[in-house]
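Here is the structure we will look at.
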Number of protein chains: 4
Amino acid sequence: MTEKTYRVAVAGASGYAGGEILRLLLAHPQVEIGALTANASAGDRLAVHQPHLWPLADRILEPTTAETLAGHDVVFLALPHGHSHQVAAELGPDVVVIDCGADHRLTDPAAWAKFYGGDHPGSWPYGMPELPGGRARLEGVKRVAVPGCYPTAASLALAPALAAGLVEADVVVVAASGTSGAGKSLKTNLLASEVIGSASAYGVGGVHRHTPEMIQNLTAAAGTPVSVSFTPVLVPMSRGILSTCSAVIKPGVTESEIRQAYETAYGAEPFVHLLPEGQWPTTGAVTGANTLLLQLAVDTDAHRLVVVAAVDNLTKGTGGAAVQCLNLALGLPETTGLSTVGVAP
Amino acid sequence: MTEKTYRVAVAGASGYAGGEILRLLLAHPQVEIGALTANASAGDRLAVHQPHLWPLADRILEPTTAETLAGHDVVFLALPHGHSHQVAAELGPDVVVIDCGADHRLTDPAAWAKFYGGDHPGSWPYGMPELPGGRARLEGVKRVAVPGCYPTAASLALAPALAAGLVEADVVVVAASGTSGAGKSLKTNLLASEVIGSASAYGVGGVHRHTPEMIQNLTAAAGTPVSVSFTPVLVPMSRGILSTCSAVIKPGVTESEIRQAYETAYGAEPFVHLLPEGQWPTTGAVTGANTLLLQLAVDTDAHRLVVVAAVDNLTKGTGGAAVQCLNLALGLPETTGLSTVGVAP
Amino acid sequence: MTEKTYRVAVAGASGYAGGEILRLLLAHPQVEIGALTANASAGDRLAVHQPHLWPLADRILEPTTAETLAGHDVVFLALPHGHSHQVAAELGPDVVVIDCGADHRLTDPAAWAKFYGGDHPGSWPYGMPELPGGRARLEGVKRVAVPGCYPTAASLALAPALAAGLVEADVVVVAASGTSGAGKSLKTNLLASEVIGSASAYGVGGVHRHTPEMIQNLTAAAGTPVSVSFTPVLVPMSRGILSTCSAVIKPGVTESEIRQAYETAYGAEPFVHLLPEGQWPTTGAVTGANTLLLQLAVDTDAHRLVVVAAVDNLTKGTGGAAVQCLNLALGLPETTGLSTVGVAP
Amino acid sequence: MTEKTYRVAVAGASGYAGGEILRLLLAHPQVEIGALTANASAGDRLAVHQPHLWPLADRILEPTTAETLAGHDVVFLALPHGHSHQVAAELGPDVVVIDCGADHRLTDPAAWAKFYGGDHPGSWPYGMPELPGGRARLEGVKRVAVPGCYPTAASLALAPALAAGLVEADVVVVAASGTSGAGKSLKTNLLASEVIGSASAYGVGGVHRHTPEMIQNLTAAAGTPVSVSFTPVLVPMSRGILSTCSAVIKPGVTESEIRQAYETAYGAEPFVHLLPEGQWPTTGAVTGANTLLLQLAVDTDAHRLVVVAAVDNLTKGTGGAAVQCLNLALGLPETTGLSTVGVAP
C-alpha cells in the first residue's frame with residue numbers, strides 16, 4: 001500500500017526557521033516539497049540562502065502570495081512577526097497552516113497589545129503537545145501556532161512542578177541562547193566579531209516578547225497566575241538554548257515527589273526526556289534533534305527547585321515542533337520524519 | 001626620584017591564573033618579576049605553558065618551595081585549592097602574600113568543611129575593595145584572599161541593593177562563564193570539541209564551591225542572612241562571566257531609588273561601573289580589563305530587580321583583582337599598572 | 001517484501017568516530033545495532049560518552065574482544081591507529097570489516113614505516129568510491145580501509161585535474177580543521193580555552209601522517225609521482241575541514257577545460273559536488289552531511305589552479321564514508337541511510 | 001623633564017581599526033586624544049560603538065571634516081578604502097598623517113587600477129619597519145601608509161628567505177583569519193550564526209585586494225618579480241591571522257641557512273620573533289599584542305619551505321603597526337606604548 005503524500009509549501013524559505021523546516025521535510029517520507037516563497041529574496045536560487053539544502057539548490061524562491069501558496073495541502077509560515085495573519089487569511093479553511101511566527105500564540109489580547117502592539121490576530125491551537133492536554137488540542141486541526149523557542153524550554157521545564165502544585169507560582173528563567181534565534185537580521189550586535197568571545201543579556205526586566213507566552217503556558221499548567229522573571233543571554237554559538245529555571249519549593253515537598261512528577265509528565269513522551277540523576281543536559285547533545293533534555297536539582301539551602309533544559313532553538317524550538325504538529329494535524333504518527341539524535345560533538 | 005621596585009614571585013606560574021598575574025605584572029611599573037614556580041611543570045621554559053608572555057619566554061619554572069619563594073617582597077599564590085595554606089605557612093610575616101586560591105576566603109569553618117572538606121585554613125583579609133568597608137580592610141595588609149570569579153560578579157551586582165535594604169534577602173544568580181575559569185584541567189567536558197557549539201550547567205542546586213562565598217559577602221552587605229540560588233553555565237568562550245542576578249524588590253521601592261544606591265556605591269570606583277540606562281554590559285567589552293560593568297532593570301510584573309554584571313574571570317575576576325590588592329597592600333595608587341580597557345572585538 | 005537486516009557491531013563506540021557511525025546507523029533502514037565496545041570505558045552506559053545518541057543511552061559498552069564482536073554481519077572499527085589490525089585478525093573472512101583507522105590505508109610498506117613505524121599491517125580496498133576506479137574496488141568486498149579526513153578533502157579536490165593532466169604533479173594543501181578530528185584525547189592544546197579565539201598549525205613540513213595517503217591517492221590519479229606539501233591548521237570549531245589545494249596549471253590549459261574535468265568526474269556522484277560558479281563552499285553547509293562541496297578558481301597571474309573543498313571530517317570524512325562503504329560492500333544502494341543535507345546554520 | 005605630549009585625532013573612530021588605535025593610544029604616555037570623528041555615526045557617544053573603551057565612553061563622535069581634524073599634531077585615518085585620499089588632502093604638510101586604509105600603499109598605478117579602480121592616489125612611505133630598509137624610510141616622515149593585515153603576515157613570513165635568495169620567487173599563501181578584518185560591515189556572511197561552526201574561503205584565485213601589496217613587498221625583498229597565490233580563509237574567531245606561506249627551496253639550500261636568514265633579519269626586532277625550534281605560533285598568543293610570531297619547517301620530500309606566521313590583524317596587523325609608525329615618525333622610541341604580550345587564553 002502506498003502511503004499518501006502531502007504537498008507542502010514553505011513561506012519564508014530564505015530564513016533560518018524556513019531552512020530548518022525544509023531540512024526536516026527533506027527527511028519526511030510523506031511530504032512533497034512544493035512552493036518555496038520569500039519576500040525580498042524572491043527570484044533567487046534557494047542555494048544562495050540555504051547552501052546546506054543541496055537537493056533543493058536550484059529551486060527558485062517565489063514571492064509570498066495567495067497564488068504561489070495555492071494548491072498545497074499544508075503551508076508552513078516562517079515569516080517575521082505580524083505577517084502570518086494576513087497570509088493565513090488568504091488560505092482556504094481546508095489547508096493545514098502551521099505558523100512559526102508569534103501572531104497566533106497569545107490568547108490574551110491585552111498581552112498581545114502590550115508586547116506586540118496593534119490588533120490581536122486571535123489565537124490558534126498551540127503547538128506544544130507535551131503540555132497538559134496539549135496533544136488532544138492538536139489532533140486533526142487545520143491551524144497551529146508553533147511555540148516560541150524560549151517558551152518551549154521554560155514551559156516544559158517548569159510545567160510539571162507547577163501542575164503538581166509542588167512549587168510557588170513565581171519563577172525565574174535565565175536562558176543562554178545561540179544567535180540563530182535572532183534570525184538573519186543584519187544588526188551589528190549579531191556580527192560574528194561582536195558575538196565570538198562575548199556573552200550579553202538583552203530584553204532584561206520582563207520586556208522580551210516571549211515572556212507573556214511563558215506566563216500563559218505556566219499559568220495554565222498551575223491553574224493560578226504565575227509570574228515569570230525572564231532574562232535571555234546571547235552566547236557565542238549558533239544553535240541551542242540552555243534554560244535555567246527555578247522556583248521556590250513548597251514546604252514539605254521532597255525531591256523524590258518532584259522527580260516523580262516529571263517522570264509522570266514525560267515518561268511516555270518521544271521528544272522530552274528527564275535525564276537519569278547525575279547527567280546534565282547540554283545543547284550540543286540536541287543540535288539538530290527534535291529533543292528537549294531536562295535535569296533537576298533541589299537546593300535545600302535556598303529552598304529552590306532548579307530545572308535545566310536544553311533544546312535546539314531551530315529544531316524542537318521551531319522547525320521540529322512545526323513538523324511534529326504537522327504530523328498531529330494530518331493524523332500521522334507523531335514522530336514521522338523526526339530525529340531525536342543530535343549532531344555532536 | 002626613582003620609585004621603589006618590589007620583587008615579586010608567582011607560585012603556580014604555569015596555569016591560567018598565574019599567567020594572567022604575570023601578564024599584568026609585566027605592565028606594572030614598580031614590580032620586578034622574580035621566581036616563577038610550578039609543580040609538575042618545574043624545569044620547563046615558561047614559553048611552553050605561557051606562549052603569550054613573550055618577554056618571559058626563556059624563564060625556567062622552579063619547584064614551589066620555601067627556598068625558591070624566599071627573598072621576595074610579594075608572593076602570589078595561584079595554586080589548586082587546598083595548597084596555598086601550606087605554602088603560605090613557610091613565608092615570613094613581612095612578605096605580602098596574595099592568595100588566588102579559595103583557602104582563605106571563607107570565615108565560617110562550617111562552610112569550609114561543607115564545601116571543601118578538612119580543616120579550615122582560616123581567613124585572610126578579603127580582596128574586594130568595592131564592598132562596603134572593603135577597601136579599608138586591605139590597606140597595608142600582608143595577607144590577602146583574592147575572591148573567586150563568580151562571587152566577584154554576583155557580590156558586586158547585588159551588594160548595593162541588599163545593603164540599602166531595597167530587595168529581599170533571597171537571590172537568584174545564573175552566570176554564563178567561559179572555560180578558563182576551570183583552569184587547564186584535562187577533562188573531557190573541557191575539550192574544545194565538547195564546548196564549542198554547546199552550553200551546559202554544572203554544580204546545580206547549591207553545590208558549587210563559590211556559593212558560600214556569595215552568601216558570606218551578601219549577608220555581610222545586607223546585615224541579615226541571605227540565601228543564594230546559584231547556577232553556573234559553561235558557554236563556548238575562553239574568558240568572561242556574564243552574571244544575571246535577581247531579587248524580589250521590597251514594596252514601594254522605586255527603580256530610581258535602586259539606581260541611586262548603585263551610583264552611590266560605585267560612582268567613585270575606578271573598576272566598577274554602572275552603565276548609563278539603555279546600555280547593557282557584554283563580557284567582550286571587559287576582556288583583559290580590570291573592569292566590572294553593571295546594568296539593572298526593574299521587572300514590575302515579576303516584582304524583581306535584575307542586575308547583569310560582566311567581568312573577565314581571569315582579570316577583575318582573579319589576576320587583576322590580585323594586582324589591585326597588591327597595590328592596596330603596598331600603599332601604591334590602587335590603579336597602578338591596571339588597564340580598564342578591554343581587548344575588543 | 002521485507003528487506004534484509006544486517007547485524008552491526010561498533011568497536012570504539014565511545015569516541016567521536018564511533019559516535020558518528022552510530023548516529024548514522026540509527027538512520028539506516030537495514031541495520032540492527034549489536035555490540036558496542038570500548039577499551040577503558042567498557043562497563044559504562046553509552047550515554048556517558050555519547051549523550052546525543054538518546055535511543056542508545058542505556059546500552060552498556062562491552063570490552064573489545066573476539067567474543068563481543070562475534071555474531072555480527074558487519075564490524076566497524078573506530079580504534080586508535082595500530083589497533084585495528086589485531087582486532088580484525090580475529091574476525092572471520094565472511095564478516096564485513098570496515099576500518100576507520102589508518103592501519104590498512106597505505107599500500108607502500110616504506111610509507112607505513114616512515115609515518116607510523118613498525119610492521120606494515122597490509123592494505124585493504126580503499127574506501128573512496130569517487131576516485132577513478134574507486135567504486136568498482138569496493139563492491140562486495142569484506143574489508144574496507146576508510147580514508148582519513150584530510151586525504152578525503154585533498155584527494156577529491158585535486159584528483160580530476162591531475163587525472164586529466166591539466167596541472168603539474170606538485171601540489172600545496174593547507175587545510176583548516178575543527179578539533180574533533182583529533183579525537184577525545186586529553187591534551188592541553190585541545191582544551192576549549194586554548195582553541196577558542198586561536199588558530200594554529202601543526203604537523204608542518206610534511207610530517208603529518210595523512211601526507212602519504214594524499215600522495216598515494218594523487219599519484220594513482222595522475223599516473224605519475226605527485227609531491228604534496230600539506231599543512232593542517234586547527235581552528236576554533238568542532239567539525240569541518242576546509243581544504244585549500246593548489247597546483248601549477250600546465251601551459252595552455254583553460255579554466256573551462258578544468259571545470260569540465262571536474263564536472264565529468266563528479267557530475268553523477270551523489271556525495272561530491274562542484275558548486276556553480278560564484279558559490280564557494282563552507283564547512284557549515286556540510287555539518288553532519290555525507291557531502292563534499294568543491295569550487296575552483298584559476299589564478300592567471302600566479303598560474304595556479306586553486307580548489308577549495310569543504311567536508312565534515314566526522315561524516316564524509318569518516319563515519320559517513322564508512323556507511324557509504326558498508327552499502328557498497330553489502331550491495332545496497334550507495335546512498336542508503338545517508339543524508340546529503342547539512343545542519344546549518 | 002616633562003615629555004612632550006602630542007595631540008592626536010582619529011578619523012573613523014567608530015570602526016574596528018579606529019577602536020584598536022584608540023585602545024592603544026590610551027596606553028601611550030605621550031599622546032593626548034583629541035577629535036574622534038565618524039561618518040554615519042557622528043553625534044553618537046563613543047560608548048555606543050566602542051563599549052570597551054570605558055575612559056572615552058562619553059566622547060561624542062564628530063563628523064570627519066577639515067575643521068574637526070584641524071589643530072592636531074597627528075591624524076590617524078581609519079576610513080573605508082578610497083576615502084583617505086580626500087581627507088588627507090585637506091591636512092597640512094606638517095601634520096603627521098597615518099593612513100590605515102589602502103589608498104597609499106601601492107606604488108604601481110596599474111596594480112591600483114586593477115584591484116581598486118579609479119585614479120591612483122599615489123603612494124606614501126610604507127609602514128613596515130621590519131622589511132629590508134623599512135625602518136629608515138619611516139623616520140621623521142609626515143605621511144605613512146599602514147600595511148594591510150594579510151600582507152603583514154605574508155611579507156614578514158617570506159621576505160627573509162626571498163631576500164637571501166634561498167627560495168624560488170613563486171609563493172603560496174593561505175591565511176586563516178578572524179572576522180574583524182572585514183570590519184563592522186552588515187553582511188549576512190559575517191553574522192555570528194553563519195560564521196560560528198564554519199570555515200570558508202573568499203577572494204580565491206588572486207582577486208583579493210591584498211594580493212598586489214604582497215607582490216610589491218616580496219618583489220622588493222627578492223629583487224626579482226615574485227608571483228603570489230593568495231587564499232584567505234574566514235574562520236570562527238574575532239581576531240587573528242594564521243598565515244601558512246610556502247615556496248620551493250632552491251637546490252642545495254639547507255634548513256640551517258634558512259633559519260639563519262630569519263635570525264639575521266629579525267633577531268633585533270622588538271615585534272617580530274622566530275620561535276625556538278619545536279614551538280609553533282598560535283594567534284591566541286598574540287591577541288591584542290603588537291607581535292608577529294613565526295616558525296618554519298623544511299619539507300624535504302616536497303622541496304618546500306613552509307613558514308607559519310601568527311598576528312593579530314587589528315594590532316600588529318593594523319592599529320599597533322599604526323602606533324609603531326607614529327613613534328618612528330615622531331622620533332619616539334619605537335616601542336613606546338606598545339605591548340608585546342597577548343591576552344591569552
Side-chain angles (χ1 to χ4, degrees), chain A residues 170-178 189 191-202 204-207 211 215 227-231 233-242 244 246 248 280-285 287 295-308 310 344-345, chain B residues 170-178 189 191-202 204-207 211 215 227-231 233-242 244 246 248 280-285 287 295-308 310 344-345:
Chain A
D170 190 359
V171 307
V172 176
V173 175
V174 180
S177 174
N189 72 314
L191 288 176
S193 299
E194 303 287 324
V195 169
I196 292 174
S198 192
S200 57
Y202 67 103
V204 187
V207 302
T211 308
I215 293 172
S227 83
V228 176
S229 166
F230 169 53
T231 308
V233 174
L234 207 64
V235 301
M237 55 193 197
S238 176
R239 287 174 176 240
I241 289 175
L242 193 90
T244 301
S246 71
V248 173
W280 286 86
T282 71
T283 65
T287 301
Q295 184 52 285
L296 61 86
V298 166
D299 183 336
T300 49
D301 289 342
H303 308 292
R304 276 193 173 260
L305 167 67
V306 185
V307 186
V308 176
Chain B
D170 188 1
V171 308
V172 176
V173 176
V174 179
S177 174
N189 72 313
L191 288 176
S193 300
E194 302 288 322
V195 169
I196 292 174
S198 191
S200 57
Y202 68 103
V204 187
V207 302
T211 309
I215 292 171
S227 83
V228 177
S229 166
F230 170 52
T231 308
V233 174
L234 207 64
V235 301
M237 56 193 195
S238 176
R239 288 173 175 243
I241 289 176
L242 193 91
T244 301
S246 69
V248 172
W280 286 86
T282 71
T283 66
T287 300
Q295 185 52 285
L296 61 85
V298 166
D299 183 336
T300 48
D301 288 341
H303 307 293
R304 279 196 170 256
L305 168 67
V306 185
V307 186
V308 176

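Basis for what follows: all heavy atoms, side chains included, without hydrogens, waters or symmetry-related copies.
- When the candidates B/Pro236, B/Ser177, B/Gly206 are compared by the number of heavy-atom contacts under 4.5 Å with chain A, B/Pro236 comes out ahead.
- Of the atoms belonging to B/Val308, it is side-chain heavy atoms, and not backbone ones, that fall under 4.5 Å from chain A.
- For chain B, the nearby part of A/Thr231 is the side chain; its heavy atoms alone come within less than 4.5 Å.
- Counting only heavy atoms from C-beta outward, the side chains of A/Gln295 and B/Val204 never approach each other to under 4.5 Å.
- Of the listed residues A/Ser227, A/Ala285, A/Gly197, the one with more heavy-atom pairs under 4.5 angstrom with chain B than any other is A/Gly197.
- Heavy atoms only, all atoms of each residue included: B/Ser246 and A/Val172 are closest at OG-CG1, 4.1 Å.
- Smallest separation of non-hydrogen atoms from B/Gly205 and A/Ala297: CA-CB, 3.9 Å.
- One distance of note links CG of A/Asp299 with OG1 of B/Thr211; it measures 7.5 Å at 0.5 Å rounding.
- The candidate from B/Val248, B/Val306, B/Val195, B/Val235 with the greatest count of non-hydrogen atom pairs under 4.5 Å with chain A is B/Val235.
- Of the atoms belonging to A/Ala201, heavy atoms from both backbone and side chain fall under 4.5 Å from chain B.
- For the side chain to side chain contact (heavy atoms under 4.5 Å, CB included) with B/Val174, the lone residue among A/Leu242, A/Thr244, A/Val173, A/Val233 that qualifies is A/Thr244.
- Counting all heavy atoms, side chain and backbone alike, A/Glu194 lies closest to B/Pro345 at OE2-CB, 4.5 Å.
- Only the backbone of A/Val298 comes within contact range of chain B, with at least one heavy atom under 4.5 Å from a heavy atom of that chain.
- In this structure, B/Ser238 OG and A/Ile196 CD1 are separated by 13.0 Å, a value rounded to the nearest 0.5 Å.
- In terms of non-hydrogen atom pairs under 4.5 Å with chain A, the most contact-rich of B/Ser200, B/Ala199, B/Ser193, B/Ala302 is B/Ala199.
- In this structure, the separation between OG1 on B/Thr282 and CG on A/Asn189 is 10.0 Å, given to the nearest 0.5 Å.
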